[in-house]
Amino acid sequence: MSELQQAISSLLASPVSVVETQSVSGGCISEAKRVRVVDGRGSQFDYFVKSNRPAFLDNFQTEWDGLNLLADAKSIRVPRPVAVGTAGQRAWLILEWIEQKGPSEDFFERFGRGLADLHRVTLGNRIGLDRNNFLGSAAQINSPGEDWTRFFAARRLEFQLRWA
């Protein structure tokens with residue numbers, strides 16, 4: 001059994017057979033693949049699977065948390081997180097696979113409305129999160145603030161300039 005198949009079976013807490021993998025481009029930090037599996041009942045599932053060294057687990061955990069926060073807002077379609085953890089000698093993040101397709105004629109209008117809805121859901125809340133997360137592999141400071149402009153300047157722009 002391959003390391004990938006063992007990891008997915010372990011993290012899903014259910015034995016699966018990996019029947020197809022395809023490397024996915026677009027990221028330079030973690031290994032990313034589209035993985036097709038078949039479970040014990042013969043059902044087939046496609047996942048987006050990311051892996052990295054074990055120390056990268058916190059990065060994957062904050063991505064998991066962020067995707068769940070975005071999904072809870074029910075404003076913009078995001079991939080559903082399926083599993084996160086370590087297995088073997090790697091950290092893993094498993095997400096639902098969303099088939100890529102060309103944008104519809106009204107894509108940008110719908111996306112803009114969804115983004116506006118997302119901001120309406122969070123309107124009146126403090127800016128930031130209860131924990132830091134990552135921008136790629138760089139730490140992203142999220143200590144809450146009251147003012148979006150100051151938050152963005154201090155926690156995003158200034159921090160990244162100092163880090164660079």
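We count residues from 1, following the sequence as given.
- Under the 30°/60° scheme for interplanar angles, the aromatic rings of Phe56 and Phe60 are found to stand perpendicular.
- For Phe107, the CZ atom sits in a packed shell: over 12 heavy atoms of surrounding residues, nucleotides or ligands are nearer than 6.0 Å.
- Inter-residue side-chain proximity for Asn142 and Arg156 is flagged as met; some heavy-atom pair is nearer than 4.5 Å.
- No continuous path of ILVMFWY side-chain contacts below 4.5 Å connects Val82 to Trp64, so the two sit in separate hydrophobic clusters.
- In this structure, Lys33 and Val24 approach most closely via the heavy-atom pair C-CG2, 3.7 Å.
- Panel note: side chain Asp147, backbone Arg150; a donor-acceptor pair is recorded below 3.5 Å.
- Under the 4.5 Å side-chain heavy-atom criterion for Ile, Leu, Val, Met, Phe, Trp and Tyr, Leu4 and Leu12 are members of the same hydrophobic cluster.
- The closest side-chain heavy-atom distance from Leu11 to Ile94 is below 4.5 Å.
- Taking the six-membered ring for Trp and the full ring otherwise, the centers of Phe152 and Trp148 sit less than 6.0 Å from each other.
- Ion pair Arg77/Glu96 flagged as a salt bridge, since at least one NZ, NE, NH1 or NH2 atom sits closer than 4.0 Å to an Asp/Glu carboxylate oxygen.
- Rounding to the nearest 0.5 Å places CZ of Arg41 at 7.5 Å from OG of Ser14.
- The distance from the CG atom of Leu118 to the CG atom of Asp72 is 11.0 Å, given to the nearest 0.5 Å.
- Under the 4.5 Å side-chain criterion, counting only non-hydrogen atoms from C-beta, Leu93 is not in contact with Val49.
- At a cut-off of 3.5 Å, with distance as the only test, no side-chain donor of Thr21 or Arg34 sits close to an acceptor on the other residue.
- Shown here is Arg113, whose CZ atom has no more than 12 heavy atoms of other residues, nucleotides or ligands within 6.0 Å.
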Starting from the C-alpha separation in whole Å, work towards a yes-or-no answer on side-chain hydrogen bond (donor to acceptor under 3.5 Å, both in side chains) for Asn52 and Ser30.
-> CA-CA 5 Å; Asn52 206 313; Ser30 297; 3.0 Å; yes

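- Cluster annotation: Val78 and Phe108 are assigned to the same hydrophobic cluster (Ile/Leu/Val/Met/Phe/Trp/Tyr, side-chain heavy-atom contacts under 4.5 Å, transitive).
- Minimum heavy-atom separation, Phe134 to Ser137: CD2-O, 3.9 Å.
- Atoms CG and CG, on Leu157 and Leu161 in that order, are 6.5 Å from each other to the nearest 0.5 Å.
- In this structure, Leu67 and Pro79 have side chains that are in contact, with non-hydrogen atoms separated by less than 4.5 Å.
- Minimum interatomic distance between Pro144 and Arg126 (heavy atoms only, all atoms of both residues): O-NH2, 3.6 Å.
- By the 4.5 Å heavy-atom criterion applied to side chains, Tyr47 and Trp97 are not counted as neighbours.
- Using a 4.5 Å cut-off between side-chain heavy atoms of Ile, Leu, Val, Met, Phe, Trp and Tyr, with links allowed through other members, Ile76 and Phe48 fall into the same hydrophobic cluster.
- A salt bridge links Asp58 with Arg131: at least one charged nitrogen is closer than 4.0 Å to a carboxylate oxygen.
- Asp46 contributes atom CG, which lies 7.5 Å from atom CD of Glu20 (distance to the nearest 0.5 angstrom).
- Here the CG-OG1 distance, from Leu135 to Thr62, works out to 11.0 Å after rounding to the nearest 0.5 Å.
- When only modelled atom types and interatomic distance are considered, Ser75 and Asp117 share no side-chain donor-acceptor pair under 3.5 Å.
- Within the 3.5 Å criterion, the main-chain N or O of Gln5 finds a donor-acceptor partner in the side chain of Ser9.
- Checking side-chain atoms of Trp92 against main-chain N and O of Ala87 turns up a donor-acceptor pair under 3.5 Å.
- Comment: Glu99 does not engage Lys101 in a salt bridge, judged by the lack of any side-chain N to carboxylate O separation of less than 4.0 angstrom.
- Side chains of Pro81 and Asn68 form a contact here, defined as non-hydrogen atoms less than 4.5 Å apart.
- A salt bridge is absent between Glu3 and Arg90: the closest approach of a Lys/Arg side-chain nitrogen to an acidic carboxylate oxygen does not fall below 4.0 angstrom.
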Please assess Ile141 against Phe151 for the test side-chain contact (heavy atoms from CB on, under 4.5 Å), listing each intermediate value before the final yes or no.
-> CA-CA 10 Å; Ile141 306 303; Phe151 175 90; over 6 Å; no

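- Leu70 and Val84 fall within a single hydrophobic cluster, where Ile, Leu, Val, Met, Phe, Trp and Tyr are joined by side-chain heavy atoms under 4.5 Å apart, directly or via other members.
- No side-chain N or O of Asn132 forms a donor-acceptor pair with one of Arg155 less than 3.5 Å apart.
- Summarising the geometry, atom CG belonging to Asn59 is positioned 9.0 Å from atom CZ belonging to Arg53; distances are rounded to the nearest 0.5 Å.
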